[in-house]
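So the structure is just underneath, and the comments pick up after that.
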Amino acid sequence: MGKRRATAELRRDAEFTAFTAGAGGRLLHTAVLLTGDRAAADKLLTATLARVYADWFRMRAEDPYEQARCELVRRFAHRPWWRRPRGGVLDRLSGQERLIVTMRFFEGVAEEQTAAQLGLPPERVRVIGARATATLRSRRLDPAGPAGARRAGPAAAGPALQAAPRSVAEARAQGAAALHQDAPREVYGEPSEEPRPVQGVAP
């Protein structure tokens, strides 16, 4: 029994390492979009992956990426109410709006599935998504705000002034381009590279 258990754990470690190598970069992008902060995103993703690792044996017939994304979203959605996310390319949006925009446009999750995970009616998800999209299209995404953008001028504002995405593909492209400039590469890697396994996740 001991050898069988040890063999199963070795197999889990190998499978989990392969999973984090392939999905760690994208999950980190999602976490950064939600939190607006790299340090907070690292903490959120580390806690998420620790849960996924612990549940690995029970996920045999399930998609580990979907399970990881659901766990990440759940942890973000249930954070203390006073910890409003700030910064990042979605700085103008509330936490709920960040969730819906990230899930619908960056992750490409269907409206009904998004609604089910967040415990909202599909119509409510549609309304919030439309409101968030209108906010992004009508305001500049310069972290210094409109006043800072006026002082610095259009050239200094750079890519932060992009219009809101109109499709899933456009959202992913904009998110990857924006995050590529700011996110360090030493932990999870970039999507264009092969991300290294996440360290420090214990059974």
Side-chain angles (χ1 to χ4, degrees), residues 7-79 85 87-90 95 98-118 125 129 165 167-203:
T7 300
E9 290 182 351
L10 287 174
R11 185 172 64 251
R12 173 181 65 176
D13 290 348
E15 293 173 351
F16 183 77
T17 297
F19 166 70
T20 56
R26 182 175 172 183
L27 287 168
L28 178 61
H29 274 60
T30 300
V32 171
L33 284 174
L34 291 176
T35 62
D37 176 76
R38 175 57 189 261
D42 280 335
K43 292 180 181 179
L44 176 62
L45 182 55
T46 298
T48 296
L49 291 178
R51 181 75 266 170
V52 171
Y53 182 88
D55 292 342
W56 196 261
F57 289 129
R58 295 191 290 271
M59 291 167 41
R60 288 298 181 186
E62 301 176 8
D63 179 1
Y65 182 83
E66 183 177 351
Q67 293 299 310
R69 184 185 63 213
C70 288
E71 178 66 18
L72 189 147
V73 167
R74 185 190 68 80
R75 287 178 175 273
F76 177 80
H78 290 85
R79 74 200 185 290
V89 295
L90 303 181
R98 281 177 182 251
L99 273 171
I100 290 175
V101 167
T102 300
M103 292 180 68
R104 291 286 292 116
F105 292 104
F106 182 73
E107 286 290 331
V109 180
E111 188 174 89
E112 293 77 11
Q113 186 178 350
T114 299
Q117 182 168 356
L118 300 182
V125 170
S167 67
V168 171
E170 185 178 343
R172 289 177 179 170
Q174 287 187 14
L179 293 173
H180 179 79
Q181 298 179 357
D182 300 325
R185 299 184 180 184
E186 67 274 11
V187 180
Y188 300 103
E190 296 293 331
S192 58
E193 304 171 348
E194 290 187 7
R196 287 175 287 177
V198 177
Q199 303 296 322
V201 178

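- The side-chain tip of Arg12 does not point at the ring of Phe16 from less than 6.0 angstrom away and within 45° of straight on.
- Applying the salt bridge (Lys or Arg N to Asp or Glu O under 4.0 Å) rule to Glu9 yields the partners Arg5; only residues at least two apart in sequence or on another chain are considered.
- Smallest separation of non-hydrogen atoms from Leu45 and Gly24: CD2-O, 4.0 Å.
- You'll find the side chain of Val125 stays beyond 4.5 Å of the side chain of Glu112, heavy atoms only.
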key: Verdict with supporting geometry, Arg75 and Thr48, side-chain contact (heavy atoms from CB on, under 4.5 Å)   = CA-CA 8 Å; Arg75 287 178 175 273; Thr48 296; 3.8 Å; yes

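- Of all non-hydrogen atoms in Val32 and Arg38, the two that sit nearest each other are CG2-CD, 4.4 Å.
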request  = Let me see the working for Glu15 and Met59 under side-chain contact (heavy atoms from CB on, under 4.5 Å), right down to the final yes or no.
outcome  = CA-CA 12 Å; Glu15 293 173 351; Met59 291 167 41; over 6 Å; no

message = Evaluate Leu34 against Leu90 for side-chain contact (heavy atoms from CB on, under 4.5 Å), listing each step before the verdict.
response = CA-CA 8 Å; Leu34 291 176; Leu90 303 181; over 6 Å; no

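- Residues meeting the ring-ring contact (aromatic ring centres under 6.0 Å, His included) test with Phe19, sequence neighbours left out: Trp56.
- Under the 4.5 Å side-chain criterion, counting only non-hydrogen atoms from C-beta, Met103 is in contact with Gln117.
- Legend: residues meeting salt bridge (Lys or Arg N to Asp or Glu O under 4.0 Å) with Arg74, ordered by chain and number and at least two apart, are Glu71.
- Looking only at side-chain heavy atoms (C-beta outward), Leu99 and Phe76 come within less than 4.5 Å of each other.
- Under a 3.5 Å cut-off, the side chain of Arg104 and the backbone N or O of Val109 do form a donor-acceptor pair.
- Shown here are the salt bridge (Lys or Arg N to Asp or Glu O under 4.0 Å) partners of Asp55, two or more places apart in sequence or in another chain: Arg51, Arg58.
- In terms of heavy-atom proximity, Pro64 sits nearest to Glu62 at CD-O, 3.2 Å.
- Neither side chain, Thr102 nor Glu107, offers a donor N or O lying under 3.5 Å from an acceptor on the other.
- Put simply, the side chain of Leu49 reaches to within 4.5 Å of the side chain of Leu27, judged on heavy atoms.
- Between Leu33 atom CG and Leu28 atom CG the span is 9.5 Å, to the nearest 0.5 Å.
- Note that CZ of Phe105 is 10.5 Å distant from CD1 of Ile100, once rounded to the nearest 0.5 Å.
- Every side chain to side chain contact (heavy atoms under 4.5 Å, CB included) that Ala8 has, sequence neighbours left out, goes to Arg11, Phe57.
- At least one side-chain heavy atom of Pro85 sits less than 4.5 Å from a side-chain heavy atom of Arg79.
- The structure places CZ of Arg98 at 14.0 Å from CZ of Phe106, a figure rounded to the nearest 0.5 Å.
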